[in-house]
2 protein chains.
Amino acid sequence: MSYQNRKQKLLKIVEQHGEVEVKELAQKLETSEITIRRDLALMAADGLIFRTHGGAMKMSLASIPVSFQQKTSTNIEQKDYICRLAAQEILDNDIIFMDCGSTVFRLCQFIKNKRIKVITNSLPVVYELLNTEVSINLIGGELDGNRQAIHGKIAVEHIERYKVDKAFLGVDGISIENGLSAASEKEAEITTAMAANAQSTYLLCDSSKLGKDKYLKFAPLTIIDVLVTNQATDLLKSYQDLGLRILN
Amino acid sequence: MSYQNRKQKLLKIVEQHGEVEVKELAQKLETSEITIRRDLALMAADGLIFRTHGGAMKMSLASIPVSFQQKTSTNIEQKDYICRLAAQEILDNDIIFMDCGSTVFRLCQFIKNKRIKVITNSLPVVYELLNTEVSINLIGGELDGNRQAIHGKIAVEHIERYKVDKAFLGVDGISIENGLSAASEKEAEITTAMAANAQSTYLLCDSSKLGKDKYLKFAPLTIIDVLVTNQATDLLKSYQDLGLRILN
DNA sequence: TTAAATTTGTTCAAATATAATCATAAATAA
DNA sequence: TTATTTATGATTATATTTGAACAAATTTAA
């Protein structure tokens, strides 16, 4: 297979997924990682993609989500697995909340063709769902440049005006003992508000966050209805005992 | 078999398969690889195919998909002239509205280093001002994918919560007789709301729009305080007589 | 912070493709 | 016919691509 051929395929994959890892690409194209790296380097030089550590991302994305660049290429497969599960729960005509976490962001690719309404405070999500089947409602308020998301009192009030079917949320930490925890007060505020105004609240949470606590404990586990994760560990049983539905 | 004959067949195969190898072609045409290579070289020189290492590709596949083209908007110089004037009116610590017109968008470049707060319903404005000195407040509500802007009842209510120093607005048409006119009801709504909640309202308007009417008349000239434009025509006098300050 | 793990860049060798050269065969013209 | 041109194929040399091994840089975890 020639470089040009691979280039086409790589472009397609990157367009589709938004963000990919070198390993993944090497497998898909049945070639070595070094070849993929060389290809990506050439393509990046042409401005066709944005090179990240361990992979690549869509140019259009790279210019926007600064905050996600730092988190790129960690646990992508796990996150995609989780998001695929979560997407299956979404029905046509659903109205859903999506918050500004990096896991939740990856849900976008799986819902592009659904006829739903998404209410979100995340600019990357907005950008990703622009000009798709999805109808978007953007939460208004103060923009946090680093997180590329809207936070604050106005944002919370905006959320409270809606009652939606499902909320898809991420957190920085979750444990039986301390419930949900976050690294930022602002994010916690949004998460809480979204959960309170959704019929079902889905927590998208890769296994690395299970049992971890961050500095700010902000809500009990009970605000969550469904825990979507990637590993079927014994740990999950205790969550199940607390009344959470587990998807994995 | 002659070159002309082979050329037809090769073209057909390439069209059909998108990408092919020299070996493959040599077998199909029952000739040597070197002959195929010579043929492909000639065809590539004529721009009929794209030569790759080891084979050839359809021209259309090889060409770089121009996914992101910068809109070369009309009257850039005029708009920049207008925006430079408008930017001079903005002081540190001002809070301003910016709407989603293409003229107003070009104001961004001139205010990046000002310490102000911008309240806007335009995604392009947000992206342009992201990670600059400017603090951003995004208006929430329904997102219009085509205009990349937020409109609707919620957006208007969001605007009404603020009282700002200056509003910088664009319109599609302006005339003495009919006042301000727009091509879309949604935009008119936002423009009106912003003007009503700003101490001073600046209309950024290149000369091509002066004296023009669009289908929707939505407001009298009196909601404007300052008209920023690029030409010093006699026409402007009548606007001045109506109490508008003219900047040009 | 340091240490471990991962990713990337570099160099080199093998495989493959291309270019160059020459010889042969076929077609064309005198 | 013969001489000349043209197209094709074979052979060899050159260039490109690829993958492996290892050092350097970066990221992650502790």
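Side-chain atoms are counted along with the backbone in the values below, which use heavy atoms only and exclude waters and symmetry mates. Remember, it's a predicted structure, so these values are computed and weren't measured experimentally. Chain A is the first sequence line, chain B the second, and so forth, proteins listed ahead of strands; every chain is numbered from 1.
Salt bridge annotation for A:Asp172-A:Lys209: absent, with no cationic side-chain nitrogen under 4.0 angstrom from a carboxylate oxygen. A salt bridge links A:Arg6 with A:Asp39; the closest basic N to acidic carboxylate O contact falls under 4.0 Å. Salt-bridge annotation for A:Lys186 and A:Glu142: absent, with no side-chain N of the basic residue lying under 4.0 Å from a carboxylate O of the acidic one. Between A:Glu157 and A:Arg161, no side-chain nitrogen of the basic residue sits less than 4.0 Å from a carboxylate oxygen of the acidic one, so the salt-bridge criterion is not met.
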All N/O pairs under 3.5 Å across the protein-nucleotides 6-10 of chain D interface:
| residue | atom | partner | partner atom | Å |
| --- | --- | --- | --- | --- |
| D:dT8 | OP1 | B:Met1 | O | 3.2 |
| D:dT8 | OP1 | B:Arg6 | NH1 | 2.6 |
| D:dT8 | OP1 | B:Arg6 | NH2 | 3.4 |
| D:dT8 | OP2 | B:Arg6 | NH2 | 3.0 |
| D:dG9 | OP2 | B:Thr31 | OG1 | 2.9 |
| D:dG9 | OP2 | B:Ser32 | N | 3.4 |
| D:dG9 | OP2 | B:Ser32 | OG | 2.7 |
| D:dG9 | OP2 | B:Thr35 | OG1 | 2.5 |
| D:dG9 | N7 | B:Arg38 | NH2 | 2.7 |

Enumerate the protein-to-nucleotides 24-26 of chain D contacts in which both atoms are nitrogen or oxygen and the separation is below 3.5 Å.
| residue | atom | partner | partner atom | Å |
| --- | --- | --- | --- | --- |
| D:dT26 | O3' | A:His53 | NE2 | 3.1 |

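Put simply, CG on A:Asp206 is 13 Å from P on D:dT28, counting in whole angstrom units. Atom NZ in A:Lys7 sits about 16 Å away from atom C1' in D:dT17, given to the nearest Å. The CG-C1' distance, from A:Leu42 to D:dT18, rounds to 13 Å in whole Å. Rounded to whole angstrom, the span from the NZ atom of A:Lys212 across to the C1' atom of D:dA30 amounts to 11 Å. One atom, CE of B:Met57, and another, C1' of C:dA17, lie 17 Å apart when rounded to the nearest Å. Remark: P of C:dT6 and CZ of A:Arg51 are 17 Å apart, rounded to the nearest angstrom. Computed from coordinates, the A:Arg37 CZ to D:dT17 P distance equals 18 Å when rounded to whole Å.
Partners of B:Lys12 according to the side chain to side chain donor-acceptor pair (under 3.5 Å) rule, which considers only residues two or more places apart in sequence or in another chain, do not exist here. In terms of the side chain to side chain donor-acceptor pair (under 3.5 Å) criterion, B:Gln148 has no residue partners (sequence neighbours excluded).
Residues A:Ile36 and A:Thr31 meet the side-chain proximity criterion, which asks for heavy atoms closer than 4.5 Å. Counting heavy atoms from C-beta outward, A:Ile116 and A:Ile95 have side chains that stay 4.5 Å or more apart. Side chains of B:Val14 and B:Met57 form no contact here, defined as non-hydrogen atoms less than 4.5 Å apart.
Between A:Tyr127 and B:Tyr127, the ring centre distance stays below 6.0 Å.
Base-pairing analysis of DNA chain C finds the following stems of at least three consecutive Watson-Crick or G-U pairs, with both pairing distances under 3.5 Å: C:1-30 with D:1-30.
Within residues 13-26 of chain B, no residue has any heavy atom under 4.0 Å from DNA chain D.
For the side-chain contact (heavy atoms from CB on, under 4.5 Å) with A:Leu203, the lone residue among A:Leu244, A:Leu180, A:Leu247, A:Val228 that qualifies is A:Leu180.
Between atom CG of residue A:Asp225 and atom NZ of residue A:Lys166 there is a gap of 11.5 Å, rounded to the nearest 0.5 Å.
Pairing each heavy atom of B:Leu107 with each of B:Ala86, the nearest pair is CD1-CB, 4.0 Å.
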